[in-house]
Amino acid sequence: MNRLAGVTSPYLLQHADNPVDWWPWGSEAFEEAKRRDVPVLLSVGYSACHWCHVMAHESFEDDDTAAYLNEHFVSVKVDREERPDVDAVYMEAVQAATGQGGWPMTVFLTPGAEPFYFGTYFPPAPRHGMPSFRQVLEGVAAAWRDRREEVGEVAGNIVRELSGRSLTLEAAGGVGGVPREAELAQALLGLTREYDERYGGFGGAPKFPPSMVVEFLMRHHARTGAEGALQMAADTCEAMARGGIYDQLGGGFARYSVDREWVVPHFEKMLYDNALLCRVYAHLWRATGSELARRVALETADFMVRELRTPEGGFASALDADSDDGTGRHVEGAFYVWTPRQLREVLGEEDARYAAALFAVTEEGTFEEGASVLQLPQGAGVADAERLDGIRRRLLAAREERHRPGRDDKVVAAWNGLAVAALAETGAYFDRPDLVERATEAADLLVRVHLDESARLARTSRDGQAGSHAAVLEDYGDVAEGFLALAAVTGEGVWLEFAGFLLDIVLDRFRAEDGSLYDTAHDAEPLIRRPQDPTDNATPSGWTAAAGALLAYGAHTGSEAHRSAAERALGVVKALGPRAPRFIGWGLATAEALLDGPREVAVVGGREDAATRELHRAALLATAPGAVVAVGEPGSEEFPLLRDRGLIEGRPAAYVCRHFVCDAPTTDVSRLSGKPSD
């Protein structure tokens with residue numbers, strides 16, 4: 001056992017038995033490096049990362065490699081999901097130096113934590129022009145021993161370069177105010193140019209699910225009526241849902257497609273992807289009535305509850321890409337892929353032929369060793385839905401007998417906030433109170449375990465115990481977003497109150513004087529630079545997540561301070577939206593809400609009254625971008641939107657407002673559609 005034996009991160013625990021003398025990130029490791037006068041090897045990864053497992057098996061489990069590391073370096077292992085701040089700072093250095101990045105991330109540091117040599121995966125032997133890991137180690141050790149002054153100069157230059165990158169709104173070109181119609185139209189035009197008209201999505205391979213961009217497209221259509229925006233969103237969602245990136249048996253999405261056509265995924269399943277996509281498909285159904293969107297939203301919600309929910313009520317981070325293929329080999333995709341022979345063993349000859357045609361399973365295969373990733377091409381199964389459902393159930397039951405992928409069961413605050421929002425809305429739309437209950441239980445865990453008495457969040461928990469690492473901006477923004485969605489669905493004002501606590505901390509501890517936002521609080525552990533990135537990646541950036549939640553909270557409460565903070569933060573969308581719309585989708589979606597108001601809908605009536613429930617449901621199903629909804633009894637003090645608003649002729653009523661200025665109240669559900677003509 002090394003020094004990782006006492007940590008809580010499942011990823012770090014996977015390395016606790018390595019012969020490498022790993023240290024967790026902390027001052028003790030750097031003090032040890034200074035004492036021994038050796039460089040630090042920083043290795044960053046996460047539990048569902050395929051190549052992280054490969055490098056661990058090839059190098060970190062190798063006794064000779066470990067012995068060399070232990071003699072010449074202090075080795076530090078970091079879970080990027082637990083410490084996104086550390087990951088962000090050094091990934092920025094890797095990308096600046098090499099033009100690319102990825103995990104595992106391999107960085108060599110001075111004892112002062114200054115980076116001087118970079119890479120990602122290194123093989124155990126030279127391959128495809130790449131040096132072996134041992135060659136890299138020997139080269140770095142020699143440079144440290146013989147060219148120390150040169151190493152120090154390189155490290156100093158890198159740190160100075162990174163330190164000069166602090167992003168002000170003025171530097172980003174966003175000082176001129178919030179994004180307006182022109183910038184959003186330019187962003188839409190840019191997306192249209194990058195849109196893959198044949199296969200849906202944006203760009204080529206590898207192709208990632210563009211959940212936040214799709215949300216922007218749907219909101220843009222809702223506000224302007226632009227049919228092209230909705231068509232891009234709908235076609236992309238259908239292509240993903242019919243492709244191999246979507247689990248055709250168990251529901252849920254893999255991390256990305258290795259090809260342009262969405263056929264072969266990278267098989268790891270992340271909570272954040274599934275939470276975001278569950279919500280996207282629910283919103284697509286809301287906009288179009290698509291039965292496919294409805295099915296995928298519900299199946300994805302059920303996948304999260306079935307396979308990611310923890311005993312404490314939260315949601316685990318991820319499922320691995322790899323699993324035992326039944327022969328003792330740990331193989332990527334083994335749990336998910338099928339051969340014609342395997343179909344025959346489960347279904348018999350006739351149904352196997354039908355299933356092979358249905359799911360595009362061939363003798364040649366679409367994956368490795370003649371196996372196929374299940375797809376559901378256009379028109380498949382339409383003629384006999386009952387037979388399709390029966391086949392899916394039988395194959396799913398057979399798949400349950402296989403060795404399951406490993407699960408990273410740490411609970412990440414931000415991603416659970418996204419799951420709360422998705423499950424609450426999906427449950428409300430499709431009359432699934434069990435999903436709303438699961439959302440509420442996850443929100444309860446975030447309050448009970450992650451939130452301290454001063455409303456500071458812990459980034460992670462495991463087995464009901466909060467981790468030691470402070471939350472970052474995305475945690476505050478996404479958890480607040482989840483609480484606001486839950487408040488709208490349940491009518492429980494306590495969730496609005498908790499969101500307010502979190503957003504006040506954002507204003508107090510994450511904001512710069514010019515309105516830009518940092519990823520870490522002003523009193524967080526100092527790194528070689530304070531991380532700050534407004535661009536969305538696999539999830540909304542902390543910057544855009546906070547802007548969206550601040551805007552919604554301001555609409556709920558009338559707080560000018562929160563709305564003004566959101567507007568100032570959105571200045572970066574004004575600058576980046578027209579230039580890089582694929583990488584600031586949530587910022588663009590938030591800007592759509594700002595341009596629409598956002599609308600504030602107050603539904604007043606008895607909670608058990610059928611007319612109240614009907615108005616409430618209509619308000620939730622309205623497509624107005626980012627609309628906020630409050631429901632409660634006349635005279636309720638739980639939501640500011642409900643104050644001084646009463647029944648109409650003794651009947652439940654809805655008030656549709658902007659900036660707390662309301663249209664005439666209505667008892668007619670058709671008035672709450674949120675269409676562009678409103």
Side-chain angles (χ1 to χ4, degrees), residues 1-26 29 40-61 66 69 74-91 94 101-107 119-122 133 254-255 266-273 307-308 310 314-324 330 332 404-416 458-463 465-472 474-475 537-539:
M1 285 282 186
N2 52 44
R3 291 172 179 81
L4 302 183
V7 302
T8 58
S9 161
Y11 174 64
L12 298 190
L13 288 172
Q14 290 170 0
H15 294 80
D17 291 323
N18 290 169
V20 177
D21 186 16
W22 289 113
W23 294 66
W25 177 273
V40 171
L41 164 71
L42 173 64
S43 176
V44 183
Y46 58 103
S47 71
C49 166
H50 172 71
W51 288 103
C52 299
H53 294 308
V54 172
M55 189 167 175
H57 177 67
E58 292 173 342
S59 296
F60 301 142
E61 295 173 10
L69 269 171
V74 167
S75 300
V76 174
K77 178 61 81 170
V78 167
D79 181 343
R80 68 175 291 261
E81 297 173 349
E82 194 173 60
R83 290 302 303 264
D85 51 341
V86 173
D87 177 64
V89 165
Y90 292 103
M91 182 59 74
V94 171
W103 298 275
M105 175 168 61
T106 306
V107 186
T120 53
Y121 164 79
F122 289 107
F133 187 49
R255 174 77 277 266
H266 188 40
F267 288 91
E268 64 197 39
K269 283 182 172 180
M270 313 303 294
L271 173 62
Y272 52 75
D273 284 321
E307 299 197 31
L308 295 178
T310 69
F315 290 90
S317 298
L319 298 179
D320 285 357
D322 305 357
S323 60
D324 190 320
H330 222 56
E332 184 180 5
R404 296 188 64 81
R407 186 173 89 157
D408 183 331
D409 60 358
K410 72 175 177 295
V411 171
V412 175
W415 308 345
N416 273 255
R459 167 72 175 175
T460 63
S461 69
R462 190 165 184 244
D463 299 329
Q465 299 296 315
S468 59
H469 302 298
V472 294
E474 72 159 349
D475 295 300
N537 197 305
T539 59

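Note that the structure is predicted; figures quoted are calculated from it, not measured.
The heavy-atom pair separating Ser59 from Phe122 by the smallest distance is OG-O, 4.5 Å. Minimum interatomic distance between Pro24 and Val76 (heavy atoms only, all atoms of both residues): C-CG1, 4.0 Å. Contact detail for Ala458 and Ala466: the closest heavy-atom pair is CB-CB, 4.0 Å. Across Asp273 and Ala538, no two heavy atoms sit closer than the pair OD1-O, 4.3 Å. Smallest separation of non-hydrogen atoms from Asp21 and Trp23: O-CD1, 3.3 Å. Ala29 and Val74 get closest at one heavy-atom pair: O-CG1, 3.7 Å.
Contact check for Tyr11 versus Cys52: side-chain heavy atoms found under the 4.5 Å cut-off.
Judged purely by atom type and a 3.5 angstrom limit, Asp475 uses its side chain to pair as donor or acceptor with the backbone of Val472. Of the possible polar contacts, none joining the Arg80 side chain to the Asp87 backbone as a donor-acceptor pair under 3.5 Å is found. Within the 3.5 Å criterion, the main-chain N or O of Thr120 finds a donor-acceptor partner in the side chain of Thr106.
To the nearest 0.5 Å, the span separating CE on Met105 from SG on Cys49 amounts to 11.0 Å. From Asn18, atom CG reaches atom OG of Ser43 across 9.5 Å, with rounding to the nearest 0.5 Å. A distance of 11.5 Å separates CZ in Arg407 from CG in Asp320, rounded to the nearest 0.5 Å. The CG atom of Leu42 sits 9.0 Å away from the NZ atom of Lys77 when rounded to the nearest 0.5 Å. In this structure, OG on Ser317 lies 9.5 Å from CD on Glu82, to the nearest 0.5 angstrom.
A salt bridge links Glu81 to Lys410: one of the charged nitrogens lies within less than 4.0 Å of a carboxylate oxygen. We find that Lys269 and Glu307 are not joined by a salt bridge, their nearest charged nitrogen and carboxylate oxygen being 4.0 Å or further apart.
The side-chain tip of Arg3 does not point at the ring of Trp25 from less than 6.0 angstrom away and within 45° of straight on.
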- Message: Could you walk me through whether Trp103 and Met91 satisfy the side chain to side chain contact (heavy atoms under 4.5 Å, CB included) test, starting with their C-alpha distance in whole Å, then the side-chain angles of each, then the deciding distance to 0.1 Å, before giving a yes or no?
- Response: CA-CA 9 Å; Trp103 298 275; Met91 182 59 74; 3.5 Å; yes

- Test side chain to side chain contact (heavy atoms under 4.5 Å, CB included) on Phe60 and Leu69 and set out the steps. CA-CA 9 Å; Phe60 301 142; Leu69 269 171; 4.2 Å; yes

- Task: Apply side chain to side chain contact (heavy atoms under 4.5 Å, CB included) to the pair Arg83 and Arg459, showing each step before the final yes or no.
- Result: CA-CA 8 Å; Arg83 290 302 303 264; Arg459 167 72 175 175; over 6 Å; no

- Please walk me through it: do Leu13 and Leu4 pass side chain to side chain contact (heavy atoms under 4.5 Å, CB included)? CA-CA 6 Å; Leu13 288 172; Leu4 302 183; 5.7 Å; no

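Applying the side chain to side chain donor-acceptor pair (under 3.5 Å) test to residues at least two apart or on different chains, the pairs with a partner in residues 44-54 are Tyr46-Glu268, Ser47-Asp408, His50-Asp322.
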